[in-house]
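The structure appears below as structure tokens.
Note that these values count all heavy atoms, side chains included, but never hydrogens, waters or copies made by symmetry. Only a predicted model underlies this, so the values are computations on that prediction, with no experimental measurement involved.
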Amino acid sequence: MPSSAGPAGTPIVLVPACNRQVGEHPFHIVGKKYVDAVRLAGCLPLVVPSASPQEIDELLAIAHGVLLTGSPSNVHPSHFDEDVHNPALPLDPDRDAWTLPLIPRALRLGMPLFAICRGFQEANVALGGSLHQAVQEQAGLHDHRAPEGQPPEIAYAEQHEVHVMPGGVLEFLLGHEHFRVNSLHGQGVKTLAPGLRVEAVAPDGLVEAFSVEASRGFSLCLQWHPEWQAASNPVSMKMLRAFGQACAAFRDYRNDIREPRHDFKRDPET
């Protein structure tokens, strides 16, 4: 195995980039706040522009965790057997092409997974679920989109509460029955993929967090944005520290230092 980076073997976390046209040229791009969040978790971010099927396995061979970022783009609805509802909204098929197969491969390895916003939606689709392409048009559901034309400080302000489901990852990590989140999105879970456990719901019942029941490692997927000003948010920091600890445990397992702590919920150190 390739050696880990850093003098202490800092856990490496894969962070997928999005594809964006800037002027006349295509760019691979990732928000700084996601890279900062990986570092707050005590890990080393490795931004990946894209990957072929062979490269996915090579990347997973050197990584100890995956963080799926949010993005203005949506998962292409062809991946859950629907046509595009609103052609004006951005898509990123190049990202879909490698992140969707990446997710089940990482989970089969027991590699920790932390997914945010678009990443949350990617995980659901990759594992066999579907999405509402326009949550605000669904009977009984609220408009979860960010207010238009507002600066980030307002757009990423706390929008509503989530209710934490008992007995899951979030309840163990946070000890809260409910708290407010900065959830801003146009798409959302329509059908939850098989094997996923609801961790939190919005006041209208929309799924805001889930975990992978059969995962041998840490898995937590959130519709909101814990990376936003994470260092000053105790809830975000608890989740990031747990993710970082799980990545370190996976690194140790790969380095044959000790047995992996697959059931992190029962480990008092986390």
Side-chain angles (χ1 to χ4, degrees), residues 1-6 8-20 27-71 73 75 79 92-127 210-212 215-222 225-227 230 236 239-255 260-262 264:
M1 290 292 297
S3 60
S4 298
T10 307
I12 297 171
V13 172
L14 304 181
V15 183
C18 296
N19 299 276
R20 197 80 50 81
F27 279 76
H28 297 296
I29 188 169
V30 63
K32 180 178 180 294
K33 58 184 178 172
Y34 299 106
V35 172
D36 291 344
V38 171
R39 290 198 167 104
L40 285 172
C43 300
L44 179 69
L46 176 58
V47 176
V48 184
S50 63
S52 68
Q54 179 182 355
E55 290 171 336
I56 291 175
D57 290 331
E58 292 174 350
L59 288 164
L60 290 172
I62 63 171
H64 309 109
V66 174
L67 185 140
L68 300 172
T69 72
S71 173
S73 69
V75 178
H79 293 292
D92 191 344
D94 289 339
R95 173 167 164 165
D96 296 341
W98 79 276
T99 55
L100 295 181
L102 168 76
I103 292 163
R105 292 190 201 182
L107 290 170
R108 281 196 295 270
L109 292 171
M111 185 175 291
L113 173 69
F114 197 11
I116 297 170
C117 198
R118 187 197 208 270
F120 162 96
Q121 296 168 11
E122 283 175 319
N124 186 50
V125 172
L127 299 173
F210 61 76
S211 58
V212 183
S215 174
R216 294 185 291 117
F218 178 101
S219 70
L220 187 58
C221 305
L222 310 175
H225 286 270
E227 84 288 351
S236 294
M239 292 186 289
L240 287 172
R241 289 192 186 105
F243 174 62
Q245 289 168 356
C247 292
F250 189 82
R251 172 207 59 196
D252 294 345
Y253 165 60
R254 280 204 157 162
N255 291 342
R261 295 179 297 171
H262 287 149
F264 80 98

*Could you grab the distance from atom SG of Cys221 to atom CD of Gln121, nearest 0.5 Å is fine?*
11.0 Å
_Let me confirm one number: the CG-CG distance from Leu102 to Leu14, rounded to the nearest 0.5 Å._
6.5 Å
*Do Val30 and Cys18 come within less than 4.5 Å of each other through their side chains, counting heavy atoms only?*
no
*Would you call Glu227 and Asp36 a side-chain contact if the rule is heavy atoms closer than 4.5 Å?*
no
_Pairwise side-chain contact, Thr69 with Val15, heavy-atom cut-off 4.5 Å (strictly under)_ = yes
*asked:* If I compare all heavy atoms of Ile62 with all of Ile12, which pair ends up nearest, and what's the gap?
replied: O-CD1, 3.5 Å
*Locate the shortest heavy-atom distance separating Phe114 from Leu222; write the atom from each residue and the value.*
CE1-CD1, 3.6 Å
_Are the side chains of Cys43 and Val38 in contact, using a 4.5 Å heavy-atom criterion?_
yes
_Please report the interatomic distance CZ(Arg39) to NZ(Lys32), rounded to the nearest 0.5 Å._
8.5 Å
*Residue pair Phe243, Leu220: steps toward the side-chain contact (heavy atoms from CB on, under 4.5 Å) verdict*: CA-CA 9 Å; Phe243 174 62; Leu220 187 58; over 6 Å; no
*For residues Ser73 and Arg118, report the shortest heavy-atom separation together with the two atoms involved.*
OG-NE, 2.9 Å
*Nearest non-hydrogen partners of Leu40 and Ala230, listed with the distance*: CD1-CB, 3.8 Å
_Minimal non-hydrogen separation, Pro104 against Leu127, with atom names_ = CB-CD2, 4.3 Å
*Nearest-0.5 Å distance, CG of residue Asn124 to CD1 of residue Ile103*: 9.5 Å
*How about Pro112 and Val66: do any of their side-chain heavy atoms sit closer than 4.5 Å?*
no
_Verdict with supporting geometry, Arg20 and Asp94, salt bridge (Lys or Arg N to Asp or Glu O under 4.0 Å)_ = CA-CA 10 Å; Arg20 197 80 50 81; Asp94 289 339; over 6 Å; no
*With side chains defined as the heavy atoms from C-beta onward, is the minimum distance between Leu60 and Leu109 less than 4.5 Å?*
yes
*Side-chain heavy-atom pair Ile116, Pro226 within 4.5 angstrom cut-off*: yes
*Please lay out, stage by stage, how Met111 and Arg254 fare under the test side-chain contact (heavy atoms from CB on, under 4.5 Å).*
CA-CA 10 Å; Met111 185 175 291; Arg254 280 204 157 162; 4.1 Å; yes
*Supply the atom-to-atom distance His79 NE2 to Leu100 CG, rounded to the nearest 0.5 angstrom.*
5.0 Å
_Using the ring centroid of each side chain, check whether Phe250 and Phe218 are separated by less than 6.0 Å._
no
*Indicate yes or no for a side-chain donor-acceptor contact from Ser219 to the backbone of Leu113 under 3.5 Å, with no hydrogens or angles considered.*
no
*So which of Val125, Asp92, Thr99 actually passes side chain to side chain contact (heavy atoms under 4.5 Å, CB included) with Val75?*
Val125
*asked:* Working note: Arg95 + Ser71, criterion side chain to side chain donor-acceptor pair (under 3.5 Å); need CA distance, chi angles, decisive distance, verdict.
replied: CA-CA 11 Å; Arg95 173 167 164 165; Ser71 173; 4.9 Å; no
*So, does Glu55 use its side chain to make a donor-acceptor pair with the main chain of Ser52 at under 3.5 Å?*
yes
_As an exercise, state the distance from CZ of Arg216 to CG of Leu107, rounded to the nearest 0.5 Å._
10.0 Å
*Considering all heavy atoms of both residues, which atom of His225 and which atom of Cys117 are nearest to each other, and what is their separation?*
NE2-SG, 3.4 Å
*asked:* Could you tell me if the side chain of Asn19 sits less than 4.5 Å from the side chain of Phe27, heavy atoms only?
replied: no
